[in-house]
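Let me begin by presenting the structure, written as structure tokens, before commenting on it.
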Amino acid sequence: MTNFSPSLDFAQQLDSQDPLASFRDQFVITDPDLIYLDGNSLGRLPKAAAERAKHIVNEEWGQDLIRGWNKGWWEAPQRVGDNIGGLIGAAPGQTLVSDTVSLNLFKLAASALMLQPNRKRVITDTFNFPSDLYILQGIKNLLSSGGRVDPHDRGGSYRDHTILRIGATDDDITPDLAALETAMDEDTALLTLSHVVFKSGYLYDMRRITDLAHAKGALVLWDLSHSVGSVPVRLDECNADFAIGCTYKYLNGGPGAPGFLYVNKKIQDKLTSPIWGWWGQKYPFDFSLDYEPTPGTRRFLVGTQPMISLLTMEAALEPTLNAGMDAIRAKSILMTDYASFLTDTWLAPLGFSLGSPRDSAQRGSHISIRHADGYRVNRALIEEMNVIPDFRAPDNIRLGFSSLYTSFTEIWQGFDRIKRVVEEKRHEKYPKQKLTVT
Ligand SMILES: *Cc1c(COP(=O)(O)O)cnc(C)c1O
């Protein structure tokens, strides 16, 4: 780890040595005083995306009208999917842009379970994003036996699915890997985890965990929402079966930009989507009355995709593709190491503790800092210090660092303002009652 200093000079020196520093100019930054540490929830607006959005609305929608579908809109889910594939180690033909992260999890997890009717167990962890857990619960509810129990069925196909959630080790930062390893058995159909977990930022070893599951014949689905665009991912090399991910976080695709899904070539044509729609039909413009799935991942499309946000997101990928994942990761590690140093040096004496792994090999691009009054500190930061982090219950202030536009000076200023809030007790005037969106 670099020998850090808490001086402003030092932060400025890190900026002057930053090979990605110029990328900040490719983003719309209207308030230079704003310390934006929430790019892991909603990335900043790339100038290229703003330009593209204007073009899509005025030229493509405004002038081309329905002809747009034959000028690249129809193929966009696969074309943009392959671009994202380049960031996650996926050869072409395996990544598809579609719908939301939650819906993509539904489609892929349900199809994984339908493929293996004799295996009834899904394993995940308590670190997973709640929507992921709800989707799994909904699938279990849908597939559970109800009135179908057949006492003569010795194949076990009437058994209900179960969901096992692996917990945390004592520190509440790291999942209990030993428990995960022990739990994996011949009844496990699917293991699904967030590659970088949303609260502590813990980063799973994709290859090791995928191998563990495969050794028991289970399939593996990775949620890349917090790793795509921040951590190099090698899906093909790790032989992952499925992945899903988000484009409005580190990929800067814009609010509500569609998600993506990845299905390994080896299993694509064995899978059935649980939702049959005309965009996943083999010859949609034959308007045949019966469904026949199209080959490959496209069978996981359902209906018309949101072209304005999909094509805007396509342009938003440019800075990430140009910077390359290795440079992005190198800066990200330096930023999270630096932020951990400032947490220890300035904030620990004020009642904060680091809620993220100290080893950068086990950490994504955000850190959590924990404080008993975290919610109110977060509110004071937003309302009077022009700092935007976010808050994740019970006590985590989450700070996200984007290699493309976060500067070291900005991190220094952010921590300086956090320190001032607590030193000056500014948070104490806010109610403990939380606002709807934190
Ligand atoms: C952000 C995020 C989501 C978001 O799901 P949407 O369906 O796009 O709202 C899902 N899973 C994880 C792990 C996330 O971080």
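Throughout, numbering of the chain's residues begins at 1 and tracks the sequence.
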Compare all side-chain heavy atoms of Phe300 with those of Leu271 and state whether any distance is below 4.5 angstrom. yes
First locate atom CZ of Arg398, then atom NZ of Lys199, and finally report the distance between them rounded to the nearest 0.5 Å. 9.5 Å
Can you label the angle between the Phe287 ring and the Phe285 ring as parallel, tilted or perpendicular, going by 30° and 60°? perpendicular
Between Glu59 and Lys71, does any side-chain N to carboxylate O distance fall below 4.0 Å? no
Check for me whether the distance between the ring centres of Trp69 and Trp279 falls short of 6.0 Å. yes
Compare all side-chain heavy atoms of Leu180 with those of Leu191 and state whether any distance is below 4.5 angstrom. yes
With salt bridge (charged side-chain N to carboxylate O under 4.0 Å, His left out) as the criterion, how do Arg299 and Asp269 come out once you've worked through the C-alpha distance, each side chain's angles and the decisive distance to 0.1 Å? CA-CA 9 Å; Arg299 68 185 55 192; Asp269 290 327; 3.1 Å; yes
If we check side-chain hydrogen bond (donor to acceptor under 3.5 Å, both in side chains) with Ser194, which of these qualifies: Thr124, Asp132, Asn128? Asn128
Less than 6.0 angstrom separating the ring centers of Tyr262 and Phe260, yes or no? no
Is it possible for you to check whether Arg44 lies under 6.0 Å from the centre of the six-membered ring of Tyr405, through NZ or CZ, and within 45° of that ring's axis? yes
Would you confirm whether the ring centroid of His371 sits within less than 6.0 angstrom of the ring centroid of Phe352? yes
4.5 Å side-chain heavy-atom contact, Gln78 and Arg298: yes
Below 6.0 angstrom between ring centroids: does that apply to Trp346 and Phe415? no
Stepwise, does the salt bridge (charged side-chain N to carboxylate O under 4.0 Å, His left out) test hold for Asp395 with Arg370? CA-CA 5 Å; Asp395 58 358; Arg370 313 180 71 174; 3.1 Å; yes
